[in-house]
Every structure is written in structure tokens, then in C-alpha cells.
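Letters A, B, ... are given to chains in the order of the sequence lines, protein chains preceding strands, and every chain is numbered from 1.
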Amino acid sequence: MEILETVFVRNSLIVAFAVVGVTIWISYFVAHKLTNGRIHGSAIAIALGLIAAYFGGKATGGSTGVADITLLGGIGLMGGGMMRDFAIVATAFGVKLGELKKAGIAGVISIFAGVIVSFIVGAVVAILYGHTDPVAVTTIGAGAVTYIVGPVTGSALGASSDIIALSVAAGLIKSILVMIGTPMVAKAIGLNNPQSAMVFGGLMGTTSGVAAGLAATDPKLVPYGAMTATFYTGVGCLLGPSILFIIVNALL
Amino acid sequence: MIVYGVALLSACLILGMLIGEVLGIALAVEANVGGVGIAMLFLVLTSNSDKFKALVEGASGMGIQFWSAMYIPIVVAMAARQNVVAAFEGGMLAVVAGVAAVVVSFALVPVISKIGRSDIGTEENQ
């Protein structure tokens, strides 16, 4: 057992490659045999990842899912921000400039519309649940933008730590739901071409959610959605503690 | 050489991240503004340009394609390291806020996609 642990820990990233590879193999097998290809293999793999993250978090009490389990620590590196961004940029290889230009204006509109709409929805829900403090309402609204915008806005405004935790939770729920829900609604919302993928990325904004949601829908759309999504958090951090807080403060 | 493509990809990411950080500071925002998106633009520009042909064709291109193909496995690992427990321990307010934001945003996708289409005219036959 000790030998096993030594080898696994010393080669954590390699273990992660193997574990993820087996997970994807199982997922594609299930997708083909049990759902007849109706559900994309990567959608199943992502769902399995999230379920594993839940049990990993429950078992260890940590904040990074299965990566807190000693033997699977490499998952943390493999699925961390550095590798994610590196692979996302690589998906842009082969993208034609013309496709990006076509959705240019709609893409920019979608980023601002996405931040403002998610903020309003989050803020209204906070008010419905009885919050009246403008700082709390703004922080929770910002959390519905992304789980990064929430704490950035909250700490800028001096929100209490339980409100900030709440905003992070709202952002995490959003991210997870985008991962799982995107392939289900893709057809209904016309998510089948580079232009709508750019609008989708701008509206959803959560980089992890968009990255996983589009991968499970159609990997060809990933670079377009990811391109706009990466501007979203920056715009959210810009608007949250400034204009949006001023408006909330004036209204409450 | 495969490493040329990998190095080009790395250079694009680092350059994009640097610009994103500078943008963040310029806007007084505690975040990297569009670093990854800017990096993607660099990669699109270089892979569409004749000057960088040696870095994106043949074996060099395979160095980039490998990482592009590793995207889904990396996303699966990313899903496995999310703080799913915290997401559900936030209580009903967090769940309702998160779900409502997603539902409304989903509904807006076809609306804003339409704006884009009328902007570029009807050159495309739908």
C-alpha cells in the first residue's frame, strides 16, 4: 500500500492522464452502447467528473473535489487553470478569422448583456429571499455572474464572508448547470454554428461551464464560445463593484 | 519540430495573459481581462499568416493539435476538481440564483444571435 502511494504521488500527473483516459473510455462506451449515441460521450465523462468531485469533496472536506484525495492529486494539476487555458487556446488553431468577424458585434453585445442579465436575476433572487442590504444584494448578484466576480465584488464592497460564500455557491451552481445543461438545450437555442457559439460564450461567461458545455455539445464550437467567455469575468469585475453597485444602492 | 508548435502556443498564451493582466490593472479590476481570448486571437492570426508557416505546418502543427485534442480530457479533469459540495451547501438561495441566471441566459442566446445575423445582412442563405 505504501509502495502504491509513493508511486502514485510521485507520478501524480501521469496517474491523472491514466484515470481520465479510463473515465473517458468508459463514458464513450456507455454513450454508444446504452444511449445509442444520443448523449455525447464527453457529456457523460464530465457528469462523472462532477459526481466524483462531489464524493471527493464529501470524503476529504477539501475544496478541489477528487484532487484532494492523495492518490488522485494530479487531477488538480491536469484540470487546473494553467492546463485548461493552454488547451483552450490550442482549440483556436485552425479557426478562420472571417468567422470571428461575422459575430463580432453580437459577441460584444452578448458579453455585456450576459453580465447585466445574470446580475439582475441574482440580485432579484437575493431580494426575494429577504436581503435588503445593497452590499449583500450586489454581491449575490455578482455571484450569479461568475464565482470569481462574486468574491471580487464582495471584497471590494466589504461584504461579510457568509455573503461572499453564498455568491461563490451561486456561481458554482451556474457553472455546473451550464456544463450539464448545454448539450440538452443546444438544439432549442440554435447552438450549432460559430456565431451562436460566440454569443453563447458571451452570455454564459463562466469559462469552465462554457468550456465543458460546448465540448459535450460539439467540440468544433469550443474556440468560438471560449473566445468571448474569457472576456466576461473581466467585464463582470469591472461593472460589479462600480456601476451595478451604484444602481442597486440607488434603488434600495 | 513538434516543440516549435508547442512553443508558439505557449508564447501566445503568455503574451495574451500579460496583456490581460495589464488591461486588468488599467481598468482597476482585480482580474485578468480576456487574457485567454487575446491569446486565442494571436494563435488565429499566426496560424492564418504566411510568415509563421514554419511554426504551424507539418510536425510543428501537430504540437498544437495535440493540445487541442487534449482539451476534452483536461475539461473532464477540471470537472472532477470543482467544489461541487460547496455549490450545494450554499442553500436554496444560491441554487435558485444560479439556476435562474442560467435559464434566462440560455433563453437570450437565440435573441442575440439574431441581432448578429441582421447586422451582417443576408449574404448567407439560411
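- In this structure, CZ in Phe106(B) is found 10.5 Å from CG in Leu203(A), a value given to the nearest 0.5 Å.
- Contact check for Gln82(B) versus Tyr147(A): side-chain heavy atoms found under the 4.5 Å cut-off.
- Among Leu191(A), Val149(A), Val222(A), Val235(A), the residue making the largest number of heavy-atom pairs under 4.5 Å with chain B is Val222(A).
- For chain A, no part of Thr46(B) is nearby; none of its heavy atoms comes within less than 4.5 Å.
- Residues from residues 48-57 of chain B that place a non-hydrogen atom less than 4.5 Å from a non-hydrogen atom of chain A comprise Asn48(B), Val56(B), given in numerical order.
- Interatomic distance, CD1 of Ile64(B) versus OG1 of Thr91(A), reported as 11.5 Å (0.5 Å rounding).
- Side chain of Tyr71(B) to backbone of Ala211(A): a donor-acceptor contact under 3.5 angstrom is found.
- We find the CD1-CE distance between Ile112(B) and Met198(A) to be 13.0 Å, quoted to the nearest 0.5 Å.
- With hydrogens and angles ignored, the 3.5 Å screen pairs no side-chain donor or acceptor of Arg81(B) with any backbone N or O of Thr64(A).
- With chain B as the partner, the residue from Phe86(A), Phe200(A), Phe231(A), Phe55(A) showing the most heavy-atom pairs under 4.5 Å is Phe86(A).
- Looking only at heavy-atom pairs under 4.5 Å with chain B, the residue among Ala90(A), Gly65(A), Ala92(A) that has the most is Ala90(A).
- Contact of Leu43(B) with chain A is made through the side chain alone, with heavy-atom distances under 4.5 Å.
- Between the CG atom in Leu108(B) and the OG atom in Ser118(A) there is a gap of 9.0 Å [rounded to 0.5 Å].
- Closest approach of Asp85(A) and Leu13(B) over heavy atoms only: CB-CD1, 4.1 Å.
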